[in-house]
Amino acid sequence: VHRAHKVLCNSEATARELNQRLKVPYKKIVTIPLGYDSKKLYPMNLERKPFFLVLARHDPHKNIAGVIRAFSLLKSKHMELFLVGKYDKRYTPKLKELAIELGINHRCKWIYWVSDQERLVLLNSCKALVISSFWEGFGLPAIEAMACDTPVIASTKGAITEVIGDAGLSINPFNILSITDAMNQIITNENLVKDLIQKGRKRIKNYNWKKAASIIQDILV
């Protein structure tokens, strides 16, 4: 197969978008899931602390406002929300204003940059990673979380549910109560959390850079 005849993408969701928006025939698309580095992402067996983690830019499609609103409705008032993402003068001030309006800014920790090690510790310390995007072409943080034995609360829009399968809690990003309910389940249901971790350990085996490289090599040769 001549390489010019193939379009590589990282998820079935992206493949559908290529087909629908750019009219690329499915027969020309090859889906190759991404991988992760097990030397950089792994379980550290740290004590889980009372905070939810968001790893995302502050762009509107990431729906951080939805997470903030959902978090404000939690019955548990000892939880915190760690928002890791680059400061964006277009969006960050408005998000912080929203947290202030809802009376939860003192429980929101805004982190604009982290090292790989700090990211690893956060993933190993949080109660769950929250990905509430209106669209994701893949959702690499979901893999990072599963690699660290961390439950994922994930949007049903885009490729996230394709990535995590049944190893996460699916939420409708357009429904604030859906996000809040998932957070409450993580806080109150220890058996559910253990089940998600076990499923994540199995799921993460699907994401291997060597496997991805092998498929690409076969196409290019």
Side-chain angles (χ1 to χ4, degrees), residues 11 13 48-85 88 91-111 122-123 125-146 148-200 203:
S11 69
R48 293 288 171 173
K49 297 180 180 178
F51 72 91
F52 288 106
L53 179 64
V54 174
L55 297 173
R57 301 190 308 274
H58 294 172
D59 300 57
H61 82 277
K62 294 292 186 179
N63 191 30
I64 293 176
V67 177
I68 292 172
R69 291 184 188 280
F71 180 76
S72 73
L73 299 176
L74 279 179
K75 296 174 184 177
S76 175
K77 301 304 179 186
H78 73 285
M79 292 293 294
E80 291 185 301
L81 182 63
F82 284 28
L83 299 129
V84 178
D88 191 320
Y91 310 121
T92 308
K94 293 178 182 177
L95 292 171
K96 297 185 83 169
E97 285 173 14
L98 175 62
I100 292 170
E101 288 173 13
L102 295 171
I104 59 167
N105 196 50
H106 64 291
R107 292 196 285 132
C108 292
K109 187 171 183 179
W110 302 86
I111 305 171
L122 285 171
L123 281 164
S125 303
C126 66
K127 286 288 188 183
L129 177 73
V130 184
I131 307 174
S132 64
S133 308
F134 295 128
W135 173 259
E136 285 289 345
F138 188 80
L140 200 54
I143 288 183
E144 295 176 341
M146 289 190 293
C148 296
D149 280 353
T150 298
V152 183
I153 294 173
S155 169
T156 55
K157 305 302 177 183
I160 302 292
T161 49
E162 177 186 331
V163 171
I164 64 173
D166 63 351
L169 284 182
S170 296
I171 51 99
N172 176 357
F174 296 97
N175 184 335
I176 301 301
L177 292 179
S178 172
I179 306 172
T180 304
D181 179 62
M183 289 179 170
N184 277 324
Q185 289 186 62
I186 292 293
I187 295 169
T188 61
N189 193 334
E190 290 185 16
N191 288 332
L192 171 65
V193 170
K194 290 177 182 177
D195 183 53
L196 292 175
I197 290 171
Q198 289 298 327
K199 289 177 177 176
R203 190 76 181 176

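Computed from heavy atoms alone, side chains included, the values below leave out hydrogens, waters and symmetry copies.
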Check your understanding: Is the Phe51 ring parallel, tilted or perpendicular to the Phe82 ring (thresholds 30°, 60°)?
Key -> parallel
Exercise for review: Check the angle between the aromatic planes of Phe52 and Phe71 and answer parallel, tilted or perpendicular using the 30° and 60° thresholds.
Suggested key: perpendicular
Looking only at heavy atoms, what is the nearest atom pair of [X] and [Y], with distance?
X      : Y      : value
Leu123 : Cys148 : CB-SG, 3.9 Å
Leu129 : Pro141 : CD2-O, 3.2 Å
Ile160 : Ser155 : CB-O, 3.5 Å

Check your understanding: When you look at NZ of Lys75, are more than 12 heavy atoms from neighbouring residues, nucleotides or ligands closer to it than 6.0 Å?
Key -> no
Contacts of [X] that satisfy side-chain hydrogen bond (donor to acceptor under 3.5 Å, both in side chains) - sequence neighbours left out:
X      : result
Asn184 : none
Thr161 : none
Asn175 : none

Exercise for review: Determine the sole option in Val84, Ile68, Asn63, Leu81 for which the side-chain contact (heavy atoms from CB on, under 4.5 Å) test with Val54 is passed.
Suggested key: Leu81
Review point. Without hydrogens or angle criteria, can the side chains of Arg48 and Thr150 be said to hold a donor-acceptor pair below 3.5 Å?
Key: yes
**Study point:** Note: Glu80-Lys49 ion pair, threshold 4.0 Å (strictly below)
**Key:** no
